[in-house]
Amino acid sequence: DGSCECFPGYGGELCDKQCAAGYWGMDCTNKCTCTGHWTSCQVDTGSCVCAAGFTGENCEHSCAAGVYGSNCVNQCSCDLTTSVCSPIDGSCECKPGYILQGNDCTIYP
């Protein structure tokens, strides 16, 4: 009949339309099922793309100490004994009792 079978993640008569946000798969017929802190799902697999600071199949887990970003794949550069690393952007903040001097947190005098 001349119709196209689209690759996963695409739809339309000519398979030239990428899936709309929240949909994935062959002809974009599957709805994303992410339930946590997610920004989108992969248009070809339906895998959740987590918001910065979260990880897990449904983006339901916060990043562990020392890592940050989407799916928590970036390593923090903070000295975790004296500072806390933001799970969102990796910025460092001194722990209570410490003060920032240069790029390091030192004991408050």
Practice task
Would you give the length of the straight line joining atom CG of Asn74 to atom CD1 of Ile88, rounded to the nearest 0.5 angstrom?
Solution key: 13.0 Å

Fill in the blank from the handout: Here the pair of heavy atoms bringing Cys28 nearest to Gly11 is SG-N, 3.9 Å

Problem - Flag side-chain contact, heavy atom, 4.5 Å: Thr55 against His61 - result: yes

Exercise for the section: Considering non-hydrogen atoms only, spot the tightest contact between Val84 and Lys95 and give its length. Expected result: CG2-CG, 3.8 Å

Handout entry: Heavy-atom closest contact (Thr33 atom, Asn58 atom, distance)
Key = O-OD1, 3.5 Å

Practice task
Taking all non-hydrogen atoms of both residues into account, name the closest pair between Val67 and Cys72 and its distance.
Solution key: CB-O, 3.7 Å

Problem - Donor-acceptor contact below 3.5 Å, side chain Asp27 vs main chain Thr29 - result: no

Practice task
Please confirm whether the backbone N or O of Gly66 pairs with a side-chain atom of Gln75, one donor and one acceptor, at under 3.5 Å?
Solution key: yes

Practice task
Provide the closest heavy-atom pair for Asn30 versus Gly25 in the form atom of the first, atom of the second, distance.
Solution key: ND2-CA, 3.8 Å

Exercise for the section: For the residue pair Cys59 and Cys48, establish whether any side-chain heavy-atom pair is separated by less than 4.5 Å. Expected result: yes

Exercise for the section: For Thr81 and Asp79, test the side chains for any donor-to-acceptor distance below 3.5 angstrom and give the result as yes or no. Expected result: yes

Exercise for the section: Decide yes or no for Thr106 and Ile99: does some side-chain heavy atom of the first lie under 4.5 Å from some side-chain heavy atom of the second? Expected result: yes

Problem - Pairwise side-chain contact, Cys85 with Tyr68, heavy-atom cut-off 4.5 Å (strictly under) - result: yes

Handout entry: Pairs meeting criterion ring pair (Phe, Tyr, Trp, His ring centres under 6.0 Å) with involvement of residues 10-58, two or more places apart
Key = His37-Phe54

Handout entry: Ser91 backbone acceptor or donor facing Ser86 side chain under 3.5 Å
Key = no

Practice task
State whether the side chain of Ser70 and the backbone N or O of Cys50 hold a donor-acceptor pair below 3.5 Å, judged by distance alone.
Solution key: yes

Problem - Least distance between heavy atoms, Ser83 atom then Cys105 atom - result: CB-SG, 3.8 Å

Practice task
Evaluate the disulfide (SG to SG under 2.5 Å) criterion for residues Cys78 and Cys92: first the C-alpha distance (whole Å), next the side-chain angles of each, then the deciding distance (0.1 Å), finally the verdict.
Solution key: CA-CA 6 Å; Cys78 305; Cys92 304; 1.9 Å; yes

Exercise for the section: Nearest 0.5 Å please: distance from the SG atom of Cys19 over to the CD atom of Gln42. Expected result: 11.5 Å

Exercise for the section: Would you give the length of the straight line joining atom SG of Cys94 to atom CD1 of Ile107, rounded to the nearest 0.5 angstrom? Expected result: 11.5 Å

